Protein chains: 2
Amino acid sequence: MGKPRPSAPTISEVAAAAGVGRATAARTLGGYGYVSAEMRDRVLAAADALGYRTNQLARSVSTGVSHTIGVVVADISNPFFGGVALGISEVASARGFDALVLSTAEHLEEEINAVNVLVDKRVDGIILSSAACAADSTAHLQLPNEQGIPLVLLDRLIPGLDLDAVVIDNRAAARHATTELIAAGHSRIGFIWGPPVPERIEYRRELVEAAGRNLWSDGERLTGYLDALDDAAIPLDLDHIMLGEKTEMRAYEAVTRMLALDAAPTAFFCTETDALTGTLHALRDAGLAIPSQVSIVGFDDSSWAAVMNPPLTMVRQPMLELGRQAAELLLSRIDSGAGDAEPPMQRELETEFIERESVAPAPTHS
Amino acid sequence: MGKPRPSAPTISEVAAAAGVGRATAARTLGGYGYVSAEMRDRVLAAADALGYRTNQLARSVSTGVSHTIGVVVADISNPFFGGVALGISEVASARGFDALVLSTAEHLEEEINAVNVLVDKRVDGIILSSAACAADSTAHLQLPNEQGIPLVLLDRLIPGLDLDAVVIDNRAAARHATTELIAAGHSRIGFIWGPPVPERIEYRRELVEAAGRNLWSDGERLTGYLDALDDAAIPLDLDHIMLGEKTEMRAYEAVTRMLALDAAPTAFFCTETDALTGTLHALRDAGLAIPSQVSIVGFDDSSWAAVMNPPLTMVRQPMLELGRQAAELLLSRIDSGAGDAEPPMQRELETEFIERESVAPAPTHS
DNA sequence: CTGTTAGCGCGTTCAC
DNA sequence: GTGAACGCGCTAACAG
């Protein structure tokens, strides 16, 4: 029997100290049922004399509601997920819920484990940004619903599954960004980064397929890029798509390699922060000026993008809003209980294209 | 009686299905006590036939251990706290603990509330980055210990209190940074930002005192700055200290104002990210080049600092390490139970001065 | 080794 | 209105 700690006073102790029955104490302390003003005062007095605090754990096993939601993301230190987490806890805490947040480092095993942990701790709902992509390897996403725990997907859809989700319109965002680059006169646009396949890709179809096998949002961004190229009838150059492991270092190398091409890109679209910093490094080392020699557009607007030299043109994602809406959707599901109500819904938030000074007309080669 | 959900199977149901006593089922499922291999198999089979999952909540009320720690920070979307949170959950989850993370937006009330919530949810320990400063207004920091819940302070000490804590050596970091600036030939160094007092300050003593009344880490950084000035026998110019609300906008205004001074700073030490971006904005608008016309050193090294034009010299804080060590300290306290063992300890981590290209000799005025 | 029984702290029904 | 008594799901003595 574990209570190695300075015993926290229980409701019974308070009742005893107040000279009333346990139930009466429970009613006043729990704020339900009827209790006379006089009794209430006695109980309340005894309660804070003893420093009584409700044991929410015990309450939860009794009521079946923990007032806790689970949040599982790839990496809480990533400002994107940090913003999302803040949005979530804003609306959650306003409604009396707290968040148990777990990071998975994009590992499916850890994600599975995270879901199990959350289910076992009886959270009232889960918000999850899954690393899963194929409709296989998603058994763990069934579990919560089997246990009656609402689940909403965040930032990343899973193609085969019809689940609640709140995401960004990545495809439209990428299409917009690429189109702007094209409008500025660019036709050779580096895409940093594409699917993390190691092998060289020969055909467009392979590329699209590879993207589909990996992270959904990345695939969407690539598709948007392709859309824009198609719109302008610009042929796809597979050498302009970064493949392989997605790290800043790899981005650096990919850009450096592209720059050495005969048909080197005159612009780069960087779909993530690390992709952007890697690209920036490469451009600096290549001695290329932005935007006179090469243009650039980034994803994930951060405070520093505006303060760069030159200020960077970016597509901004509404991180807080993403979190807020996911939390709202989840809470509404929690409210309606197992009343197997509405069908799953996917909400898609718009991004904003922030025009600054890193895009200029393509240099006219002599 | 709440169970509005698709009932999760209980240990009793598993026992029944397996045709054994509840205790036997409990033992095998709980992994304790003795149980024959044959029985175990029967139980295990029944368990996963029913899809049994331990209710950790119930287990916790029984054992008094929740395997959950509370983390309260000002703002989880701040990359600094995000990094810290990741460090914490790394070591915590390796030991089977999960983190309930709450953001307070630097509001003392929310901090107090957060601590109450965590205590009520019976977390096994708390890591907290407090907005409190004076030794008054810290009653809420007593509560956990009264309830036998270990608490470790993170990133911010509270002068009057002797509690476990893991922090950065802010004073040494600021002293180092300022000294570097001085060594480069600067004597008029803007400090962005100082204490958030609205009024103009006339004397150094007032300044130090004002700093002391506010955030500890800010006070330390200011003190380090003062140390460096003293070391070099450079008189303090109060006009070079930013006062007032700490926002990017205010930093912008403060720097702009300082730049208009007869004795304008030739260098700036920015003690936080927003202070840095605000300063950068102001310098750009003033048309001043870095580092030829003005030098700059920032705090909170971020990936983008290296990719700026020019690359920024920064003092880097070991965020992950901060989180990891806080978690380790907390877990060790949890391990030793209420065995009122070791006295509180404060660990102080060193920062790293990253020299890049935003510091140059002070321009020699004609 | 197994099953019985009594807790853990709180919610809730149901006579008094 | 009030309090005794039982249930939530699990742990843990204790007999057998």
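All values derive from a computational prediction rather than experimental measurement. Naming: A, B, ... by sequence-line order, numbering from 1 per chain.
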Among [options], the nucleotide that comes nearest once only the side chain of [X] is considered:
X      : options                 : value
A23(B) : dG9(D), dT4(C), dT11(D) : dT4(C)
V61(A) : dT11(D), dT2(C), dC8(D) : dC8(D)
S36(A) : dC10(D), dG9(C), dG1(D) : dG1(D)
A58(A) : dC10(C), dT2(D), dG3(C) : dC10(C)

From [atom1] of [X] over to [atom2] of [N], roughly how many Å is that when rounded to an integer?
X      : N       : atom1 : atom2 : answer
R53(A) : dC8(C)  : CZ    : P     : 22 Å
Y32(B) : dT11(D) : OH    : P     : 5 Å
L29(A) : dG11(C) : CG    : P     : 9 Å
L57(A) : dG9(D)  : CG    : P     : 15 Å
I11(A) : dC6(D)  : CD1   : C1'   : 16 Å
R40(B) : dC1(C)  : CZ    : P     : 10 Å
N55(B) : dG9(C)  : CG    : P     : 17 Å
Y34(B) : dA13(D) : OH    : P     : 13 Å

Which heavy atom of [X] sits nearest to which heavy atom of [Y], and what is that distance?
X       : Y       : answer
A132(B) : L108(B) : CB-CD1, 3.9 Å
L157(A) : A165(A) : CD1-CB, 3.3 Å
K121(B) : S66(A)  : NZ-O, 3.5 Å

For the base of dG7(C), is there a side-chain donor-acceptor partner from S62(B) under 3.5 Å away?
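Indeed, a donor on one side and an acceptor on the other fall under 3.5 Å apart.
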
Presence of donor-acceptor pair under 3.5 Å, side chain of T24(A) and base of dG1(D)
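Absent.
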
Side-chain N or O of R22(A) closer than 4.0 Å to phosphate OP1/OP2 of dG3(D):
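No, outside the criterion.
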
Remember a base hit wins even if backbone is also touched, and classify R27(A) as base, sugar-phosphate or nothing at under 4.0 Å, heavy atoms.
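Base: the residue R27(A), judged by heavy atoms under 4.0 Å, touches a nucleobase.
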
Quick one: do H67(A) and Q56(A) satisfy side-chain hydrogen bond (donor to acceptor under 3.5 Å, both in side chains)? Show the steps, please.
CA-CA 9 Å; H67(A) 283 280; Q56(A) 298 290 357; over 6 Å; no

Got a sec: does the CZ of R22(A) have more than 12 other heavy atoms crowding it under 6.0 Å?
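Result for CZ/R22(A): open.
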
